[in-house]
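Structure first, commentary second.
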Amino acid sequence: MEVMQAKSAGFCFGVARAVKLAGELAESAAWPRMLGGVIHNRHIVDGLEQRGMKVIDSPEEAQAGDSVLLRAHGVGKDVYRVLRERGAEIVDATCPKVARVQRIVEEAEQEGRQPVMIGDPEHPEVRGTGGWCSNLLVFSGPEDAARWAQSPAAVEVSALTVVAQTTIRRKVWEDSLKILKKECTNLKIFDTICDATHTRQSEAAVLASQVDAMVVVGDPKSANTTHLTEICRRECARVFQIENADELPVAELSGCGRVGLTAGASTPASIIKEVKKTMSEEKIQGEGMENFAELVEQYTNTLNTGDKVTGVVTAITPTEIHVDLGCKQAGYIPVDQLTDDPSVKPEDVVKVGDEVELFVIRVNDVEGYATLSKKRVDAVKVWENIETACENKDVMEGVVTEENKGGVVVSVKGVRVFVPASQSGLPRDAAMTELVKQHVKLRITEVNRARRRVVGSIKAVQQEARAAAAAEVWANIEVGKRYTGTVKSMTSYGVFVDIGGVDGMVHITDLSWSRIKHPNEVVAIGDTLDVYVISFDPEKRKISLGVKDRSTNPWQVFMDTYKVGDVANVRVVKLMTFGAFAEVVPGVDGLIHISQIADHRIEKPGDELSEGQMVDVKITAVDEEKQKISLSIRALLAPTPAPADEVEE
């Protein structure tokens, strides 16, 4: 029989960390306690009890001076409060990934959103997460989600924040999301399925499709193990879930040419090893179950310079970040190895409890610590992302850091990207300094990793965005529709306004109700205008726009404000040979005939008036039908006495 073992079988990082903390507590604490089983594996829990660690079922059982271990699945917020009130020391073995789910749920409720979790309502992780908010909706799958979406309760919920149980099957998660996306428009989604879980399940599915029979090892209470079994059964007809080698169905496996072997995240390596030996018909040495100290030692990894490792941030100081690597050596990241940006504070990059990938710079076995670097790992990832973005023509974001010969330099996650002037998106005669310190979107057009040369284009992204916006405008444009646009250029007869990828023309007569000689009297390039569509021609790609508010008729404003005989203060707007036009209200002009400008004979209106001058006039006549107004300055002047000789005549 050929036994094929999955690469990712056995303890995950979170379980290994919890087991390590439990072993250390059992050795060092005077009164070690654990609140429920630290993980879903009775062999581990039994081993801890044999070493003096007592299991308690509720925080109220803890006494002052007890050291209480919180399980990897996590607990509710109230448990921490009760333990502190009772004077117990808390040793938190919550998986960092579970702790992140708890934080998301808590923050969602603080933001006024409804927290939702896709998972098993009875699972300890789900129950513990529910203790971080007042009301956690839990859907076991798409059927639950669909029932809730059609219920009256769903109508009252406007915003959802959705998380996943870290060990849930990905198909259940994705199918549930499809339902929620259809029913809720204000949705925040956090894919919190553990990467290790997804990898384990994917490997198990592939392996199960290649063998005659599949053996899944794990505690029957473990959801991780149960899901593995379900996945394997979809790919293989003969699947056996066992807890240890004693349950191995040797007779049923006889005759199988190839048998696959995998295990849940809570299954110790010693049990996997024992099962594999039995399947391979090798003699099992020893007592079959290693003592607990040896079990913990299996996860005491040896680090080497150049290794890529995963750790959990445990403390942050001004000079370094402390990291738990799950091994004998303590790990720390010098601040200068955290990021390429020296102005960023460590707290802005990582937080206590974060799981981070790191590069081992140096290992000091004598002093027992390892020097780590995050920025080296990030740099490799960034180059990979940039190469992928270039290949897939993805849009990336960065900050323009400097003007360079022939263009500008954009920093994209620490990598310098050169953007030629022709691809900057600025007009040909514009200064490149306008872009410095600006956040921009660009497309990577060329990557030479060996020469560390990257070329990008801002213009390409702008053109695509403008084309997409223009298509949207033309697809939905209609007469009377309103837009908010930006004045792009100006002529003597009007202005061109960008309404989102398309320029429309506002004629000078449609800019203002008032009489103006040039558009610059009321607008400037760069101004924001609220405009409406007067007409459009899709074939010629022309749009006529207006700014004047036609819902407010200036003539009606005049009629509501003045009547014949009233005196008004008006502005002279145009001088003619026969008189002067004056603006009574914006958009309504009246005529002061040359005979009504003064109480004496004048040759031309300019002898007494000038454009822009404010004068008092009397409204002498109103023609409502033709909307014409007659004004008089002379009517307000006292009559001049005639000379004596004229009186005699």
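In this structure Glu320 satisfies the side chain to side chain donor-acceptor pair (under 3.5 Å) test together with His322, sequence neighbours excluded. For Lys181, the salt bridge (charged side-chain N to carboxylate O under 4.0 Å, His left out) criterion is met by no residue, not counting sequence neighbours. Partners of Gln50 by side chain to side chain donor-acceptor pair (under 3.5 Å), not counting sequence neighbours: none found. Partners of Lys381 by salt bridge (charged side-chain N to carboxylate O under 4.0 Å, His left out), not counting sequence neighbours, listed by chain and number: Glu357. Residues satisfying the side chain to side chain contact (heavy atoms under 4.5 Å, CB included) test with Cys95, not counting sequence neighbours, are Lys97, Val98. Applying the salt bridge (charged side-chain N to carboxylate O under 4.0 Å, His left out) criterion to Glu387, with sequence neighbours excluded, gives Arg449. Asp120 pairs by the side chain to side chain donor-acceptor pair (under 3.5 Å) definition with nothing, not counting sequence neighbours. For Gln210, the side chain to side chain donor-acceptor pair (under 3.5 Å) test picks out no residue, with sequence neighbours left out.
Pairs engaging residues 50-86 under the ring pair (Phe, Tyr, Trp, His ring centres under 6.0 Å) rule: His40-His73, His73-His123, Tyr80-Trp132 [sequence neighbours left out]. Among pairs with a residue in residues 82-121, none fulfils ring pair (Phe, Tyr, Trp, His ring centres under 6.0 Å), at least two apart in sequence or across chains. The stretch residues 151-169 participates, sequence neighbours left out, in these salt bridge (charged side-chain N to carboxylate O under 4.0 Å, His left out) pairs: Arg169-Glu230.
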For residues 346-353, dump all side-chain donor-acceptor pairs below 3.5 Å to protein atoms at least two apart in sequence or in another chain.
none

